Amino acid sequence: MEKTYNPNSIEQKIYKNWENSGYFAPSKQGDPFCIVIPPPNVTGTLHMGHAFQDTIMDTLIRYQRMKGKNTLWQVGTDHAGIATQMVVERQLEIEGISRTELGRNAFEKKVWKWKKQSGDTITRQMKRLGTSTDWTKEKFTMDDDLADGVREVFIKLYEEGLIYKGKRLVNWDPILLTALSDLEVIQSDESGHLWHFKYPINDSDNFIVVATTRPETMLGDTAVAVNPKDSRYKDLIGKVVNLPLTNRSIPIIADEYVDQDFGSGCVKITPGHDFNDFEIGKKHSLDVINIFTREASMNKSVPEKYIGLDRFEARKLIVQEMEELELIEKIEDYNLSVPRGDRSGAILEPFLTDQWFVKMQPLAEPAIRAVKKGDIKFVPENWSKTYFEWMENIQDWCISRQLWWGHRIPAWYDEDNNVYVGINEEEIRDKHNISSSTELKQDEDVLDTWFSSALWPFSSLGWPKKTYDLETFYPTSVLVTGFDIIFFWVSRMIMMGIKFMGEIPFNEIYIHGLIRDKNGQKMSKSKGNILDPIDLIDGIDLDSLVEKRTQGLMQPEMADRIIKETKKEFPNGIPEFGTDALRFTFAILATTGRDIRLDLNRVEGYRNFCNKLWNATRFVKMNTSDMVFKKEFSDFKDLNLIDKWIQSRLNDTLDTVEHNFNVYRLDIAAKALYEFIWNDYCDWYLELSKSLLNDPDRSDEEKSVTKNNLISVLEKSLRALHPIIPFITEEIWQSLIDSNASKSIMMQSFPEKYDLKITKTDYESIEWLQSFVTNVRQIRSEMNISPKEKIDVLLEETNTQDLEKLDQTSSLIKDLASLNDIKVLKKKEDTPISAIALLGKSKILIPLEGLIDIDEEMKRLKKKFDKNSSEANSVKNRLTNKDFINKAPKEVVEELKNKLEKLEFNQEKIEEQIRMLSSN
RNA sequence: AGGCGCGUAGCUCAGCUGGUUAGAGUGCUUGCUUGACAUGCAAGAGGUCGGCGGUUCGAGUCCGCCCGUGCCUACCA
C-alpha cells in the first residue's frame, strides 16, 4: 500500500468492476427495497444538490443490499420540457438560428441530440459518485413505453372527466409563449407605482378615481367596482363611466370584493387581464376584452395608435396621455409583487386562452388521507403540514404547454373543432367512425413535464406492463427528495399512484435539506457560485473554475463579480478530495436542517479521515503479515481485555449506525463511525496493540489473537462504512485478507454484532488506563516535560480494585505514557515532592526532582481546586434542596450524591497537596 | 396575511421524549521529524445556548411574548 491515500488511482477501476459484475441488479432474493431516483433534468450536468441526494440514496441502497434485501435503485432522467427547450434554444441563438426558422421536427431532433449529450454527462457524473444504480434499467421520461403510459393516463382521466379543456385565464409567459401552472410562477417584490386615474362619469362633471399598478390594462376595463356598503359611492352604482382614451362606456358596479379602505375605494375591472377581475366579471356578466397578443403587445382590440406597442411602451404612452388630459389625480410609489416565470424570468400576464386542466380535488382527497392515516410518512414528520396546507387548498392544474419539447397531447380536432382523445389518429377514426376524408389535426401542445414525472414511481418500473419490477418493487420503499418539490412532484406522484396503481407510490418520504454555498446562498448558474461535484473529487485549478462559472451566462455583466468572488474564495483552485471524502461530508451534513452550507474545510477533514483509515490499514497489514486471518472467534475467552474492549466499542457503534440508517440520520451514523475509527480504534486500540505485540512476555499464540482481532475489527468497520464510502472500503477490504481479493465488499453482509459481553469491571479497567495515561500526559504537557523523556511515577493510597487494574494494565500504561516504572507506595511511606493527579481513590505522583517547577505546579493545582470546588458547591446546593430530594427520581439523586462524594474526596486531596507543596 | 424553520465556541453545525457546570469538525495557542498516518501525535484556550418572562425540584431542551433572520403559500386595485 502507498503511504498516502490516493483516491484517483482506485475509484474508477473499482466502479467498472462493480458494474461489469452486475452487482447493481436486484438479487431477486429477500424482501424488496426500492428507491426510484428523482430523475435529473437533461438540461446539462448534475450539481452539488444532486450529488448530495445521490449519496443519501446510494448509502441507503448499499446498506439495504448488505442487509440481504432485494434492492433496486431505479435510475433515469427527465425530459424537463421548458428547461431543456430553453437550453437548446439558447444554443441555437448562438448559432444565429431561431426555433421557428428550424421548424418543429428539426428542432425536436436537435433536442434529442442534446438529450443524449446531457444524459451521457449525467451518467458519467453519477458513476464517478459511485452510485449503485441498475444501469440496465435506465429510463427516460420520453421513452416510448413511458410515453404510452402518459397517453393512457391522459385518456383515462379525460374519459372520467378529470381532464378538461377550457378557456380560462392562465399565467402566460410572453417570452416562452406558453401557459404555466401556478407553481411555476415566482412572486417577486418590486417597486413600482400606483397611478390614480380619474374616470369621468357620464352626464356629470364628476370623476370616479381608480388606482392601478398597471395603467395599460385600462384599455381592457369593462367596469368600475365599488363596495355596496360604501356610502361615498352609493349613488354612483349603476351609473356609467366614459373610459378615457377609448370610446367605450363602462358601468359602475357594486361588489363585496372591493376594499373600501384601499386607495380610493374604487377598482377598475379588467376581466381579461386579472384573476380577481375575471371572477367579478363572470359574476356580473361583464365583457372580457383581451388587449394583448401572445407576446404581450397591444392587439387590435385597442384604439389604432396603441396597436402593436409593447405593454410597457403602451403604459408610458397611456400615462402621458392621461396626464395631458389632466386625468391623473396622483402617482404614488408602491411596492408590488410581480409574477415572473420561474424559467424565463419574464413578467407573466394573466391571459385568456384555451388550455387543458386536471381537476385536482377528487385526486387530492385520497392522497391527503394516505398521509393522514400514516400509510405514507414524511421524515422529518413536520413536512406533512406543508403538504396538507397545499393539498387542502388545491387548484386545478393547467397541464398544456405551448412548447415543442414534451409529450404531445393525445387529442385530435376535426374541421368543426370537435375534440377526440385517444391513443392515435387511427384508433380515434375507428372509435368515432370518422372517415378518412375528414381531416384530423393533433393538438399542437405538449404536457407539463410534471405530468409525466407524476407517473415515475410506476412508469419507470414498467407500467402499464406488468413487469417483474413493477410487481416486486411497487410501492417503493422511500422517496428521497428536497422540500422544494413537495408540491410539484411528491404530491402529484401520490395522487397518480393511488389513482392508477390503486396504491401509494412509496411508504416514506425522506426530505433532505438544500445544499448552499459557504455563505448560505443557493447555488445557481446565474449567481456564479455553482460547483461541479466532479471538481471536488478530482480537483480543479482556479482558471478552469472561473472559466466554468462564467461560461454561457444569461447576464454576461455578472462575469466580473463572479471572477472576483471565485478568486477570493478559491485562490488556489480546489484540491483533489476524492469521491469518498465528498460522500462522507454529505452523509455527515445530512442533518434535519433545511439549509446545508458546504464548507470545503469539512471535505478536507473527511479526506483526512479516509487517509486515517488507509494508514490504520497499513499498520494492521504490516503487523499481521505473518498470520492467516480466522474470520470468527471460536472462544471469546481467548481475547484479552483490550481486544474485548474494542469489540465491545464496535458493537456499540454498530448499534448506533444501524438504528440511524433506519431513521435516515446518516449524520449520526457517519459521526459514530468517524469517532469509533479515529478515537477508539486508532487512538487507543492500535496504540495498545503495539505494546501487546511487542511484549516479550506474551506468547505467539496470545499475540496472534490480538492480530486476528486487529483485522477482525477493521474488516467489520469497513463493511459498516461501505455504504457511505464505497471505494476506499472496497480497495482496503480486498487487500486486507487474501481470500477477499476475488470478491466485493458490496456483496457482503452488513456486520453483525458479536455476542460478547464485557464485564463492567473490565470496561472500567480500560477507562482507568485511559485516564491514567491522559493524566500523565497532561502533567507532562503543562510542566513541559518532553514526551519522549521516560519518567517514573508513583501510585499512592491505592485500594485493592485499583491494584487489580494496575496489574492488568501497567505494561500498557508504561508504553503509552512513556514511563520507566510505576511504583506503588505503601501507606505512611515518605512521599517525595511531586505533581499529582487523582485517579479513582488513588493519587498519581510525578516526582518533581529535576523536572518540575513548584510554582507552576501550585498554579495548576489551584486552578484545579477552583474548578472542583465551584462544581462541588453547585452540587451541594442541589442536594440540600428538599424539593429536589423529594421530587427528583431516586437514581438522579443517588448519582448526584456519588458525584458530590467524589468531588469532596478530590477536593481534600488537592488541598492536602497544596499544603504539602507550600510547606516546602 | 397565513404556514414552516432558524438564532449554541471565531466559522460550520450536533444536542432524541427536560436530569453530570453543553459536544464535534474546522480554525487558534503550545510542544512533538516516537518506524500506520505532519492529510499526523499530544496538550490547551474558547460558550451567562438571541432577549425577557413562565411552568418545574431542575430548562439549549417545554410554554408565552419580543428581537433578528430565512423559506413557503395566498393576496395586494
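The structure presented is a predicted model; accordingly, all values stated were derived computationally and were not measured. Order of the sequence lines fixes the chain letters, A, B, ..., with proteins taken first and strands second; residue numbering starts at 1 for each chain.
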Quick note, A:R777 side chain, CB onward, closest among B:G15, B:C37, B:A43 is B:A43

B:U30, OP1 or OP2 - any side-chain N/O from A:R780 closer than 4.0 Å? no

Among side-chain atoms of A:S181 and A:E184, is any donor-acceptor pair under 3.5 angstrom? yes

Measuring only the C1' atom in each nucleotide, how far is B:C6 from B:A14? A whole number of Å is fine. 15 Å

Hey, is NZ on A:K283 packed in by over 12 heavy atoms from elsewhere, all under 6.0 Å? yes

Applying a 4.0 Å non-hydrogen cut-off, can you work out what A:E687 is touching in the nucleic acid: base, sugar-phosphate, or nothing? base

Identified pairing partner of B:U39, criterion: Watson-Crick or G-U wobble below 3.5 Å: none

Any side-chain N or O of A:N615 less than 4.0 Å from the OP1 or OP2 oxygen of B:U39? no

Which is true for A:V258 with a 4.0 Å heavy-atom rule: it touches a base, it touches only sugar-phosphate, or it touches nothing? base

Interatomic distance at C1', B:U39 relative to B:U61, whole Å: 37 Å

So, under a plain 3.5 Å distance rule, would you say the side chain of A:E389 forms a donor-acceptor pair with the base of B:A74? no

With a 4.0 Å cut-off on heavy atoms, is A:C610 in touch with a base, just the backbone sugar-phosphate, or nothing at all? nothing

Using a heavy-atom cut-off of 4.0 Å across all strands, would you classify A:R597 as base, sugar-phosphate, or nothing? sugar-phosphate

Would you indicate what A:K867 reaches in the nucleic acid, counting non-hydrogen atoms under 4.0 angstrom: base, sugar-phosphate, or nothing? base

Measuring to OP1 and OP2 of B:G44, would you say a side-chain N or O of A:S781 lies under 4.0 angstrom away? no

Could you tell me whether A:S264 contacts a base, only the sugar-phosphate backbone, or nothing, with contacts defined as non-hydrogen atoms closer than 4.0 Å? nothing

Please work out if A:E871 contacts a base, only the sugar-phosphate, or nothing of the nucleic acid, heavy-atom cut-off 4.0 Å. base

Identify whether any heavy atom of A:N886 sits under 4.0 Å from a base atom; if not, whether one sits that close to sugar-phosphate; answer base, sugar-phosphate or nothing. nothing

Starting at atom CH2 of A:W684, determine the distance to atom P of B:A36, rounded to an integer number of angstrom. 17 Å

Report yes if a side-chain nitrogen or oxygen of A:Q187 is closer than 4.0 Å to either non-bridging phosphate oxygen (OP1 or OP2) of B:U73; otherwise report no. no

Assess, by modelled atom type and distance only, whether the side chains of A:S818 and A:R780 contain a donor and an acceptor separated by less than 3.5 Å. yes

Whole Å only: how far is the CZ atom of A:F483 from the P atom of B:U73? 11 Å

Can you confirm whether A:K814 is buried at NZ, in the sense that more than 12 heavy atoms of other residues, nucleotides or ligands lie under 6.0 Å from that atom? yes

Are a donor atom and an acceptor atom from the side chains of A:N615 and A:R618 found within less than 3.5 Å of each other? yes

Looking across every strand, which nucleic acid part, if any, lies under 4.0 Å from A:T591 by heavy atom: base, sugar-phosphate, or nothing? sugar-phosphate

Can you tell me, in whole Å, how much space there is between the P of B:G68 and that of B:A59? 28 Å

With a non-hydrogen cut-off below 4.0 angstrom, is A:L686 in contact with a base, only sugar-phosphate, or nothing? base

Taking CD from A:E891 and C1' from B:C57, how many angstroms apart are they, rounded to a whole number? 15 Å

Rounding to an integer number of angstrom, what distance separates B:G47 and B:G15 when you compare their C1' atoms? 14 Å

Between B:C13 and B:G3, how far apart are the two P atoms, rounded to whole Å? 27 Å

For A:K790, does the NZ atom have more than 12 heavy-atom neighbours from other residues, nucleotides or ligands under 6.0 Å away? yes

B:C32, B:C41, B:C4: which one has an atom nearest the side-chain heavy atoms of A:W678? B:C41

Using a cut-off of 4.0 Å on non-hydrogen atoms, how would the nucleic acid contact of A:K690 be classed: base, sugar-phosphate, or nothing? base

On a whole-Å scale, what distance lies between the C1' atoms belonging to B:U21 and B:G58? 14 Å

Residue A:F884, side-chain atoms from C-beta onward, closest of B:C57, B:C71, B:G25: B:C57

Send over the distance from A:L896 CG to B:G18 P, rounded to a whole Å. 19 Å

Closest approach to the side chain of A:P889, judged atom by atom: which nucleotide of B:C4, B:G19, B:G44 is it? B:G19

Looking at A:K788, does any N or O in its side chain come under 4.0 Å of the phosphate oxygens OP1/OP2 on B:U33? yes

Of the listed B:A14, B:U12, B:G5, the closest approach to the A:D599 side chain comes from B:U12

If you assign A:G593 and A:F275 each to the RNA chain B nucleotide with the nearest heavy atom, which residue ends up on the more 5' nucleotide? A:G593

Hey, is the side chain of A:N608 poking within less than 4.0 Å of OP1 or OP2 on B:G40, counting only N and O atoms? yes

Name the closest nucleotide to the A:D683 side chain, picking from B:C4, B:A36, B:A42. B:A42

Phosphate OP1/OP2 of B:U21 contacted by A:R878 side-chain N/O (<4.0 Å): yes

Under-4.0 Å side-chain N/O to phosphate OP1/OP2 contact, A:R594 with B:C71: no

Atom-pair distance (CD1 on A:I885; P on B:G58), nearest Å: 14 Å

Taking for each residue the nucleotide of RNA chain B with the nearest heavy atom, is it A:S874 or A:D667 whose nucleotide lies nearer the 5' end? A:D667

Under 6.0 Å between ring centres: does that hold for A:W678 and A:Y674? yes

Under 4.0 Å between a side-chain N or O of A:K671 and OP1 or OP2 of B:A24? no

From B:U26, B:A36, B:U39, pick the nucleotide closest to the side chain of A:N601? B:U26

Which of the following nucleotides, B:G44, B:C57, B:G31, is nearest to the side chain of A:E782? B:G44

Counting heavy atoms from C-beta on, name the nucleotide in B:G44, B:A36, B:U21 closest to the side chain of A:A616. B:A36

Nearest whole Å is fine: how far is B:A42 C1' from A:I785 CD1? 14 Å

Atom CG of A:N877 to atom C1' of B:C57: distance rounded to whole Å? 13 Å

Enclosure of A:K198 NZ (heavy-atom neighbours >12, cutoff 6.0 Å): yes

Between B:C62 and B:G25 - C1' atom distance, rounded Å: 30 Å

Can you tell me which nucleotide in B:A14, B:C57, B:A36 comes closest to the side chain of A:N881? B:C57

With no hydrogens and no angle check, just 3.5 Å: does a side-chain donor-acceptor pair link A:N335 and A:S191? no

Nearest-Å distance once atom P is located in both B:C63 and B:U17: 11 Å

Across the strands shown, which category fits A:N382 at heavy-atom distances under 4.0 angstrom: base, sugar-phosphate, nothing? sugar-phosphate

Within the supplied structure, the quantity of interest is the number of heavy atoms (other residues, nucleotides, ligands) at a distance under 6.0 Å from A:E901 CD; does it exceed 12? no

I want to check one thing: is the phosphate of B:A38, taken as OP1 and OP2, less than 4.0 Å away from some side-chain N or O of A:K3? yes

Just call it for A:F487: base, sugar-phosphate, or nothing, with non-hydrogen atoms closer than 4.0 Å on any strand. sugar-phosphate

Take atom NZ of A:K612 and atom C1' of B:G40, then tell me their distance rounded to the nearest Å. 6 Å

Syn or anti for B:G70, taking syn as within 90° of 0? anti

